[in-house]
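For reference, the structure is listed below as structure tokens.
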Amino acid sequence: MSSEKILLLDGNSLAYRAFFALPLLTNEHGIHTNAVYGFTMMLQKIMDEENPTHMLVAFDAGKTTFRHSTFGEYKGGRQKTPPELSEQFPYLRKLIDAYGIKRYELEMYEADDIIGTLSRQAETTGQQVVIVSGDKDLTQLATDSTTVYITRKGITDIEKYTPEHVQEKYGLTPLQIIDMKGLMGDASDNIPGVPGVGEKTAIKLLKEHGSVENLYKALDSVSGAKLKEKLVANEEQAKMSKVLATIETNAPIEVSLEDITYSGPNMDEVISIWKELSFKTLLEKTEYVAEEQSTTETKFEIVKEIDFTLLKDEMSLHLELYDEQYHTADLLGIALSDGEQSYFVPGEAAFHSKEFCTWLEDESKTKYVVDSKATQAVSRKHGVSISGVEFDLTLAAYIDNASLSADDVATIGKEYGYFNVLSNEQIYGKGAKKSVPEEEKLAEHATRKALAIWHLKPILEKKLKENEQFKLYKELELPLASILGTMESDGVKVDKQVLVEMGHDLEIKLQQIEKDIHALAGEAFNINSPKQLGVILFEKLGLPPIKKTKTGYSTAADVLEKLANEHEIIEQILQYRQLGKLNSTYIEGLLKEIHTDDGKIHTRYQQALTTTGRLSSVNPNLQNIPIRIEEGRKIRKAFVPSNPEWVMFAADYSQIELRVLAHMSEDDNLIEAFNNNMDIHTKTAMDVFHVGADEVDSNMRRAAKAVNFGIVYGISDYGLSQSLDITRKEAAVFIDKYLKSFPGVKEYMDESIQTAKQKGFVTTILNRRRYLPEITSSNFNLRSFAERTAMNTPIQGSAADIIKKAMIDMAERLEKENMQTKMLLQVHDELIFEAPPEEIALLEKIVPEVMESAIKLNVPLKVEYAYGSSWYDTK
DNA sequence: TTAATCACG
DNA sequence: ACGTACGTGATTAAC
């Protein structure tokens with residue numbers, strides 16, 4: 001039965017590991033919990049990943065084992081189990097029982113032996129086995145069908161030992177691990193081995209002789225007199241050590257593979273143990289909390305035809321869609337709730353009701369929804385222009401805490417103490433198994449969401465008001481959602497022919513380059529595979545590997561650029577990568593996204609995703625269309641006005657982030673620079689290098705530009721050194737000089753970090769928040785990252801606030817001026833419009849005017865614009 | 001599904 | 001000494 005997977009856990013070893021890996025946590029009664037906690041985390045992770053059908057946790061039984069009759073001092077001199085750990089074993093056993101996992105221990109035997117015996121039994125039937133332990137000795141059990149997972153550093157970080165991995169690591173077969181232990185011994189188990197023989201020597205000897213027995217048969221051929229002497233003197237001890245290190249695979253266990261069938265946890269019990277031990281994070285995170293608590297009956301009625309008497313002045317409304325891509329998704333039905341009565345109208349029937357459509361368009365009828373942008377977009381597709389949307393659950397939750405990435409009602413509900421909703425995954429399944437359930441179930445799911453919105457509205461609104469974020473939510477994000485919805489629905493026209501022709505050119509060039517590369521390499525290989533490319537460059541051609549990744553050599557562009565002088569293949573590869581990217585992502589990728597009915601691309605803006613307040617763009621991403629390199633920039637020729645007579649009009653903020661920094665830091669020098677409309681990178685170069693404006697050369701300006709970027713990102717000398725390819729010391733000098741020239745900036749950076757430490761969050765101009773709990777972490781990396789974020793988020797986030805406000809003002813102004821111009825795209829600091837030629841003159845006036853006055857800073861905002869017959873021509 | 005790479009601001 | 005620049009999304013290879 002190949003679908004079966006048997007999971008065997010070494011209970012003692014894992015408990016020890018967890019105990020020493022984690023700090024001594026306690027619950028409110030002072031009981032230590034770290035070992036149980038670590039074990040649970042590990043268990044959750046493994047179960048998630050492996051989906052075992054059979055499980056067993058093996059424990060050591062007592063002090064004496066059969067090994068003690070071989071060697072009295074086996075495991076001698078061991079430290080006594082700390083009492084802080086001993087007290088946790090009863091809880092651990094209780095927890096394992098609650099999980100429904102079989103526990104087993106056997107007099108005179110150790111956990112290893114139970115695991116070894118069961119894994120060999122499974123072997124005979126060819127079943128997949130996964131063994132988990134903190135003890136490397138168990139790697140001797142690895143076979144083609146048995147993988148041994150050994151915990152690394154922490155407890156959830158795992159190294160997987162297959163026979164191949166053992167070979168790679170030690171150059172030995174799993175069974176030779178026993179011989180290795182026999183020779184080198186094991187201090188923790190008090191196995192003596194051969195004194196003076198360590199891992200290195202043991203491996204060397206075994207590679208030559210295969211086993212301890214063969215080694216002693218061929219002692220004469222061992223080089224090194226000293227070594228030979230030691231081996232001779234300790235022959236018996238070596239052989240005994242090998243016996244001790246051998247895991248018994250034929251122990252008289254009274255448990256069979258059938259006995260350890262796993263049939264799922266009793267979550268009530270598991271949760272009650274978690275509560276007893278105060279595992280707060282686990283309690284919060286778990287899906288089961290919702291499942292457990294959402295069994296409440298929800299009253300609802302399925303209506304095939306809407307009766308207008310059920311449409312109230314104030315209702316929550318939910319359009320249940322089958323896919324998050326709402327521009328094309330099927331509408332499964334509509335749920336309505338007034339807090340008392342809930343209704344479900346299957347399919348698209350509701351939109352066939354005149355009463356319902358009128359109700360949707362009536363501004364005085366208030367609607368509360370989960371995602372107003374999607375709701376409006378789907379309604380618009382059905383010819384209805386919805387109005388009166390006064391609450392958007394997703395946006396409210398996002399403003400409250402952008403880091404939660406809670407995009408579904410169940411997750412948001414859980415966060416705010418409302419549990420009566422199931423997740424979409426629980427209803428529809430995921431991956432290939434995803435499907436629409438029967439109508440009753442679907443109706444219950446959708447109406448539960450509608451009811452959830454109703455209940456969550458007051459909770460969220462209260463919280464947003466308390467945090468002075470209500471205005472940000474209600475007057476910025478909510479109106480913006482409508483504007484984005486319109487932009488998405490309008491879409492941008494793409495000239496297919498332009499892309500197709502570029503694609504042909506690229507294909508030809510790519511084929512040529514591919515041929516050249518293969519010729520230079522002397523063999524054909526997949527250039528797109530970093531793994532294969534690494535072998536060619538760093539092994540076959542012998543180029544020096546500059547950087548490594550987790551899995552091998554890095555072949556990233558910055559590495560290759562450093563090798564450009566070493567071999568002519570490098571330049572070809574860089575070229576190939578560049579063109580390949582253009583072709584696959586931007587030619588083929590965009591062509592796939594053009595809607596056949598209107599020849600347009602309709603991206604979706606994710607308005608509740610980024611932690612800083614920016615938008616993101618998906619299906620496709622129109623915020624990363626090439627511009628920096630001319631060849632790529634030509635892609636923009638394909639983005640054209642929807643009416644051939646019209647033009648594309650683009651406007652962008654100049655240096656918005658540094659202007660925001662000037663405003664927030666109130667640094668006199670920086671403010672003055674912007675007030676005098678100076679080139680900010682040149683100004684920075686002047687101050688950092690102590691030179692006059694006319695002495696700044698291109699290199700100095702380039703360095704200054706990198707420093708300015710660094711400042712915005714939350715400076716570090718290492719980061720700057722990487723970007724400028726200079727030493728860390730040199731980078732540190734630049735930073736120091738910068739901060740001396742702009743002392744207000746330094747003060748501001750320090751304050752940001754301080755604020756984050758005191759309040760736990762940083763804020764933007766419009767009071768958007770980002771929580772940074774890790775700013776007090778004792779982990780250097782986590783803390784440093786939080787510190788850089790504390791410096792960067794107010795800057796990046798405030799810039800996002802500004803352009804969002806500008807978009808609202810702009811939409812309003814276009815409406816007021818009665819213009820046909822359409823706002824189409826937003827790319828973080830720029831807005832792209834399409835306009836009839838007769839409106840250009842007015843746009844040239846109002847676009848800069850509106851954008852520059854979106855939010856008043858203590859430095860001027862500057863907007864630059866251009867227009868032309870395609871996006872490419874707006875330069 | 002994850003890691004590597006590279007496109008943008 | 002630690003090991004990083006901030007924020008995103010799409011494609012590809014290789015499990």
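Below, chains carry the letters A, B, ... as their sequence lines are ordered, and counting in each starts from 1.
- Using a 4.0 Å heavy-atom distance criterion, Thr793(A) is classed as making no nucleic acid contact.
- If you walk DNA chain B from 5' to 3' and mark each nucleotide with an atom closer than 4.0 Å to a heavy atom of chain A, the marks span dA3(B) to dG9(B).
- Under 3.5 Å, the side chain of Arg614(A) and the base of dT8(C) form no donor-acceptor pair of N or O atoms.
- One can place CG of Asn619(A) at 14 Å from C1' of dT11(C), the figure rounded to the nearest angstrom.
- Salt bridge annotation for Glu751(A)-Lys746(A): absent, with no cationic side-chain nitrogen under 4.0 angstrom from a carboxylate oxygen.
- Pairing analysis of DNA chain C (Watson-Crick: purine N1 to pyrimidine N3 plus N6-O4 or O6-N4; G-U wobble: N1-O2 and O6-N3; both under 3.5 Å) yields stems of 3 or more pairs at B:1-9 with C:6-14.
- Tested against Asn708(A) for a side chain to side chain contact (heavy atoms under 4.5 Å, CB included), the candidates Leu661(A), Thr684(A), Ile715(A) yield a single pass: Thr684(A).
- Within 3.5 Å, no donor on the side chain of Arg788(A) pairs with an acceptor on the base of dG7(C), nor the reverse.
- Within residues 623-636 of chain A, the residues having any heavy atom under 4.0 Å from DNA chain B are, by residue number, Gln623(A), Asn624(A), Ile625(A), Pro626(A), Ile627(A), Arg628(A).
- We find that Asp400(A) and Arg769(A) are not joined by a salt bridge, their nearest charged nitrogen and carboxylate oxygen being 4.0 Å or further apart.
- A salt bridge links Asp558(A) with Lys547(A): at least one charged nitrogen is closer than 4.0 Å to a carboxylate oxygen.
- For DNA chain B, the residues of residues 704-726 of chain A within the heavy-atom distance limit of 4.0 Å (strictly under) are Tyr713(A), sorted by number.
- When all heavy atoms are compared, the tightest approach of Ala786(A) to Leu772(A) is O-CD1, 3.8 Å.
- As a whole-Å value, the separation of Tyr738(A) OH from dA5(C) C1' is 15 Å.
- Using a 4.0 Å heavy-atom distance criterion, Gln532(A) is classed as a sugar-phosphate-only contact.
- Among the protein residues, Asn779(A) comes within range of no part of the nucleic acid, since none of its heavy atoms lies under 4.0 Å from any strand.
- Note on Lys531(A): a side-chain N or O is less than 4.0 Å away from OP1 or OP2 of dC15(C).
- Taking side-chain N and O atoms only, Ser784(A) has no distance below 4.0 Å to OP1 or OP2 of dA5(C).
- In this view, Glu830(A) satisfies the salt bridge (charged side-chain N to carboxylate O under 4.0 Å, His left out) rule with no residue, not counting sequence neighbours.
- Note on Ser584(A): every side-chain N or O is 4.0 Å or more away from OP1 and OP2 of dA10(C).
- The side chain to side chain contact (heavy atoms under 4.5 Å, CB included) check on Glu523(A) picks up Ile536(A), Lys540(A), with sequence neighbours excluded.
- Summarising the geometry, the separation between CG on Leu579(A) and P on dT11(C) is reported as 17 Å, rounded to the nearest angstrom.
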